[in-house]
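Below is one structure, written out as structure tokens; the observations come after it.
Start at 1 and go down the list; that is how both ligands and their atoms are numbered. The first residue of the sequence shown is numbered 1, and numbering continues consecutively from there.
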Amino acid sequence: MDKLSTIAAQLAEQGWALSEEFLSTAELLALAQEARRLWRQGDFKAAGIGRGSGFRIRPEIRGDSILWLEPDRLTPAQMKYWSEIEKLRRRLNQELFLGLREFEAHYAVYPPGACYRKHLDRFSTSDERAISCSLYLNFGWRQQDRGQLRLYPRQDDPEAVVEISPQAGTFVIFRSDTIYHEVLSPLKERFSLTGWFKRRSLSKALWPASRMS
Ligand code: OGA
Ligand code: MN
């Protein structure tokens, strides 16, 4: 099995998957350097929770800053990532019939002490996000630098957790609708590229009246 089919099989089996070979070291380095440059340049914005009129900046719940990728204006480094993501999207659709149609992604930085408390990647107003994924961009990250992503993969057992260190090249993917997760505070700046595969919203397509809920 190649790397994309391995990801698809793990995702089907356990609701999440891990790969260390999603991009080459040179490709990761280009993204890592770009993220740091854009961060230093002041292009990131504080992330918040909720959206539309419900948007709030609450660093005690979510303390990262983000920069959205613009699909029409990808840099060469981002294009490599995007094309691998596109291959993965097709493969997940072929092998798991997920009907994934779109992708959105942002760079994120968690300064030391920032966290993102336990949550699901769904807005209460939208069911479009189907699959979440994070690619980490931290070369030389050590266990003692903390900043793990903690997944709660089993709804029947909240103590069964998986902790993933944000080492450069680690790519994690999981179901947006069922897998609770949190980002533990790092001791150093922690960079990632996080994105979501989206599918057609059932609530919008079938029950237009519920759009306001
Ligand atoms: C998120 C998120 C995980 C990570 O942005 O919703 O959960 O490890 N990120 O950065
Ligand atoms: Mn999340």
Please walk me through it: do Ser5 and Arg91 pass side-chain hydrogen bond (donor to acceptor under 3.5 Å, both in side chains)?
CA-CA 7 Å; Ser5 291; Arg91 192 71 67 87; 2.6 Å; yes
Atoms of ligand 1 close to [X] [distance to a heavy atom under 4.0 angstrom, numbered from 1]:
| X | value |
| --- | --- |
| Tyr136 | 4 (C), 8 (O) |
| Trp196 | 6 (O) |
| Asp121 | 6 (O) |
| Arg190 | 4 (C), 8 (O), 10 (O) |

Check: Asp64 N/O within less than 3.5 Å of ligand 1 N/O
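There is no such contact.
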Phe103 and Leu23: same hydrophobic cluster, using ILVMFWY side-chain contacts below 4.5 Å?
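Yes; Leu23 is reachable from Phe103 via cluster members.
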Around the Mn ion (ligand 2), list the protein N/O/S atoms within a radius below 2.8 Å, excluding water molecules.
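Correct list: His119 NE2, Asp121 OD1, His181 NE2.
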Taking the side chain from [X] and the backbone from [Y], do they hold a donor-acceptor pair closer than 3.5 Å?
| X | Y | result |
| --- | --- | --- |
| Gln14 | Trp16 | yes |
| Arg62 | Arg58 | no |
| Asn93 | Leu100 | yes |

Is it the case that atom CZ in Arg73 sees more than 12 heavy atoms from other parts of the structure closer than 6.0 Å?
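12 or below, so no.
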What residue and heavy atom of the protein are closest to atom 1 (C) of ligand 1, and at what distance?
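Here the nearest protein heavy atom works out to Tyr116 CE1, 3.7 Å.
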Atom 3 (C) of ligand 1 [closest protein heavy-atom partner, distance rounded to 0.1 Å]:
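Answer for atom 3 (C) of ligand 1: Val183 CG2, 3.6 Å.
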Pair Lys80 + Glu27: basic N to acidic O under 4.0 Å
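Result for this pair is yes, salt bridge flagged.
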Run the salt-bridge test on Arg36 and Glu189 with the 4.0 Å N-O cut-off and return the result as yes or no.
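Between Glu189 and Arg36 there is no salt bridge, as every charged N stays at least 4.0 Å from the carboxylate O atoms.
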Please list all pairs meeting side chain to side chain donor-acceptor pair (under 3.5 Å) that have one or both residues in residues 158-176, counting only residues at least two apart or in different chains.
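Non-adjacent pairs meeting side chain to side chain donor-acceptor pair (under 3.5 Å): Glu20-Thr170, Ser132-Ser176, Arg150-Glu163, Arg175-Asp177, Arg175-Thr178.
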Tell me which part of His119 gets within contact of ligand 1: side chain, backbone, both or neither, using heavy atoms under 4.0 Å.
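Just the side chain.
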For Ala108, state whether at least one heavy atom is located under 4.0 Å from any atom of ligand 1.
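No, Ala108 has no heavy atom closer than 4.0 Å to ligand 1.
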Taking the six-membered ring of Phe197 as reference, does the NZ or CZ atom of Arg89 fall below 6.0 Å from its centre and within a 45° cone about the axis?
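No, a cation-pi geometry is absent between Arg89 and Phe197.
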